[in-house]
There are 2 protein chains.
Amino acid sequence: MAERAGVGIGTVSRVINNSPAVRPETRAKVQAVMEELGYVPNPHARRIAGGRSYTVSVLLPFVGTEFYLRLLEGIEAELGERRYDLALFPLLSKRRLERFLNSSALAYHTDGLIVASYDLAERFPGGRLPTDRPVVMVDARSRAYDSVFLDNALGGRMAAEHLLGLGGPIFAVQIEEELDRAFASTVFSARIGGFRAALAQAGAPLPERHVFRTRLSAEGGQMALQRFLEIESPPINVFAAADVVALGVMEEAVRRGLAVGRDVRVLGFDGQPWTAARGISTLEQPVEKMGHTAARMLIERLQGHTGGVRHERFEPSLVVRATTSV
Amino acid sequence: MAERAGVGIGTVSRVINNSPAVRPETRAKVQAVMEELGYVPNPHARRIAGGRSYTVSVLLPFVGTEFYLRLLEGIEAELGERRYDLALFPLLSKRRLERFLNSSALAYHTDGLIVASYDLAERFPGGRLPTDRPVVMVDARSRAYDSVFLDNALGGRMAAEHLLGLGGPIFAVQIEEELDRAFASTVFSARIGGFRAALAQAGAPLPERHVFRTRLSAEGGQMALQRFLEIESPPINVFAAADVVALGVMEEAVRRGLAVGRDVRVLGFDGQPWTAARGISTLEQPVEKMGHTAARMLIERLQGHTGGVRHERFEPSLVVRATTSV
DNA sequence: GGGTGTTCTGGAACCGCTTCCCACGTTGTC
DNA sequence: GACAACGTGGGAAGCGGTTCCAGAACACCC
């Protein structure tokens, strides 16, 4: 760029990489010129010269649910701030995974990985991905890598407490798989697990027939409520392990002319943005924050942080809305 | 790499970029050494030296449906063959779009764009994206750019013909929007449009009350069938503008104890892989082929092809299965 | 004021390629 | 046999940065 800032190329580079060894006035002067010229360092040149790529790969099964989109928001925001680029790899197929592993992506385009694909690491021996780059896992416990995760069991316990407070029989919808793709349901199991444990502890264990298993869809919720109403008459309380399912429960209740919040109380999980508009109570996941943290942890590794594997735990927060306020 | 192939660096480069000015024996010799050493040219170096990035950006709203995944398969396969990289940008939010437009991605990482986000271009004056790089659109007509698209209206006509052949009253499920995100339904409109036109032409125009509008979900199909059965008694024929909806229709029929294929005939649209297992008749989109073509068209532009805007049209193919074979 | 450290700064060397110009060996021509 | 013309190949220069080393500038101290 412009050594027309009256400085040497080395100094410019130092400013770009904000090395501390630049006098503040000098830095300011250079930055002013950069600003003026709209100068942006060529990432390829930096990569080749510096040996780093300033790019982080994010592996996930797909991008389509609010969860992943919000996670990405968080990750991107953090990466952007630190001037890192992001490369996205939805891996929903072995073919695509293999292509990724063999592509130059791993070899040249990636300083580190954020993996939000639960079972991915477990396909490899020792739970270690075939790469020597640093890795941060999202929502998947791992002995080998740093991770961020939501305490789903805690969420389940919170749900139990909340519903117990409402009085009346309690039911739960467990999610098993998603149409057409294998879903590692450990997340959902943990939610229901915590839920059951808390109920049992409170002296009101959940009968097996009060649990309905279904796919991750609104229809699943509809079917669940149908079943529950065959067992008990209103008012009843339903814990749906995911918001979409809670939506289905609610819709079915409405269809039957039942008063949601009175006859049928339903509590979701995830904190999807649209639950607000529909008055659905839910356990909100701090997804964006988790994204931020994942990115930050990775960058710390990239900047040389060594030390033991770290796991950052996040807690859901209960948002009470119309569907559970009597 | 190894000038241990006994040639100069220029020759190696010529081999990599398969320039014709290399004698076959020389080329073979170099390639052998490359193979032996497992040599892969550093893309960053190529980018900086060559001024090109050998990377194509794919913009889409999200990645999660079979449609986009298959499209990506096609695009990636073609790009991989031509030794191009792919960068993926799910843009489902203005924030992310802006971030993309301002990132170094456009400036440095992208030789060209494949845009599979229907309405994206229309947000800009003249339907032109704010870039001077070549663009290929998928499933969106554009005056400005090359495109590939499916003839949805034709699909609708094919559906009409097929259902007319079965005899009995005809219904249609129109898709309006998807939960929580604006869906440019022009695709679905075209399908139903063609369907209606063909019926009218055959002297059996579709009554307004035979059309049910709903979201893109299986539940929508269930509700539709419910409504239809209030109007007519079996056997009836249903054209669902999307496979998921057809699935819902089918499930509802089963739930009511009706014989699918006899009492209720339903025809989907899209050709989702799972329709085969469930015996759902559908209009199959050649999605992967469309991806291939889009990538090829773009690369041709990148390699200097000029000339007028081209539009490649694709036709769906009717796959008859149990749901419409009496 | 000179000596001695510290900070800062300039720029050569280099990263791994592409490009371009020049040279070399062949073949074809008169 | 001399000379073009052409098909190939070699390698210097350059792409836009980072790194590192040497030197300049400034403080501080005796």
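Predicted model only: the values in this text are computed from it and were never measured. Proteins get letters first, then strands, A, B, ... in listed order; numbering begins at 1 in each.
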Practice task
Name all pairs fulfilling the salt bridge (Lys or Arg N to Asp or Glu O under 4.0 Å) condition that reach into residues 38-47 of chain B, sequence neighbours left out, sorted by first residue then second.
Solution key: B:Arg47-B:Asp85

Practice task
Provide the full list of salt bridge (Lys or Arg N to Asp or Glu O under 4.0 Å) pairs with a residue in residues 7-19 of chain B, sequence neighbours left out, each pair given once.
Solution key: none

Practice task
For the side chain of A:Asn42, starting at C-beta, report the closest nucleotide among D:dG16, D:dT19, C:dC17.
Solution key: D:dG16

Practice task
Go through C:dT18, C:dG16, C:dG10 for me and flag the one nearest to the B:Ile16 side chain.
Solution key: C:dT18

Between [atom2] of [N] and [atom1] of [X], the distance in whole Å:
X       : N      : atom1 : atom2 : value
A:Arg47 : D:dG16 : CZ    : P     : 16 Å
B:Asn17 : D:dG9  : CG    : C1'   : 16 Å
A:Met34 : D:dG16 : CE    : P     : 16 Å
A:Glu25 : D:dA25 : CD    : P     : 15 Å
B:Asn18 : C:dT18 : CG    : C1'   : 14 Å
B:His44 : D:dT18 : NE2   : P     : 14 Å

With a cut-off of less than 4.0 Å, is there a side-chain N or O of [X] near OP1 or OP2 of [N]?
X        : N      : answer
A:Tyr54  : D:dG17 : no
A:Thr11  : C:dG10 : yes
A:Arg14  : C:dG11 : no
A:Tyr108 : C:dC17 : no

Just to verify, what does [X] make a salt bridge (charged side-chain N to carboxylate O under 4.0 Å, His left out) with, not counting sequence neighbours?
X        : result
B:Arg133 : none
B:Arg70  : none
B:Arg82  : B:Glu78
B:Glu76  : A:Arg96, A:Arg99

Handout entry: Contacts of A:Arg310 that satisfy side-chain hydrogen bond (donor to acceptor under 3.5 Å, both in side chains) - sequence neighbours left out
Key = A:Glu300

Problem - Five-pair end axes of the helix from C:dG1-D:dC30 to C:dC30-D:dG1, angle between them (10°) - result: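 The angle, to the nearest 10 degrees, is 50°.
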
Exercise for the section: For A:Asp111 and A:Ser53, indicate whether the former's side chain and the latter's backbone hold a donor-acceptor pair under 3.5 Å. Expected result: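 Looks like yes, one N/O pair under 3.5 Å.
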
Fill in the blank from the handout: Nearest-nucleotide check on DNA chain C, A:Arg23 vs B:Pro41; residue mapping nearer the 5' end is A:Arg23

Exercise for the section: Map B:Arg46 and A:Thr26 onto DNA chain C by nearest heavy atom, then report which one ends up closer to the 5' terminus. Expected result: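 It is A:Thr26 whose nearest nucleotide is closer to the 5' end.
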
Exercise for the section: Give one of base, sugar-phosphate or nothing for B:Arg27, where a contact means two heavy atoms less than 4.0 Å apart. Expected result: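 No contact.
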
Handout entry: Parallel, tilted or perpendicular: rings of A:Phe100 and A:Phe89 (30°, 60°)
Key =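 Correct class here is tilted.
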
Pairs: protein N or O with nucleotides 12-15 of chain D N or O, under 3.5 Å:
none

Practice task
Might you point out which heavy atoms bring B:Tyr108 and A:Pro41 nearest each other, and give the distance in Å?
Solution key: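 Shortest heavy-atom contact: CE1-O, 3.8 Å.
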
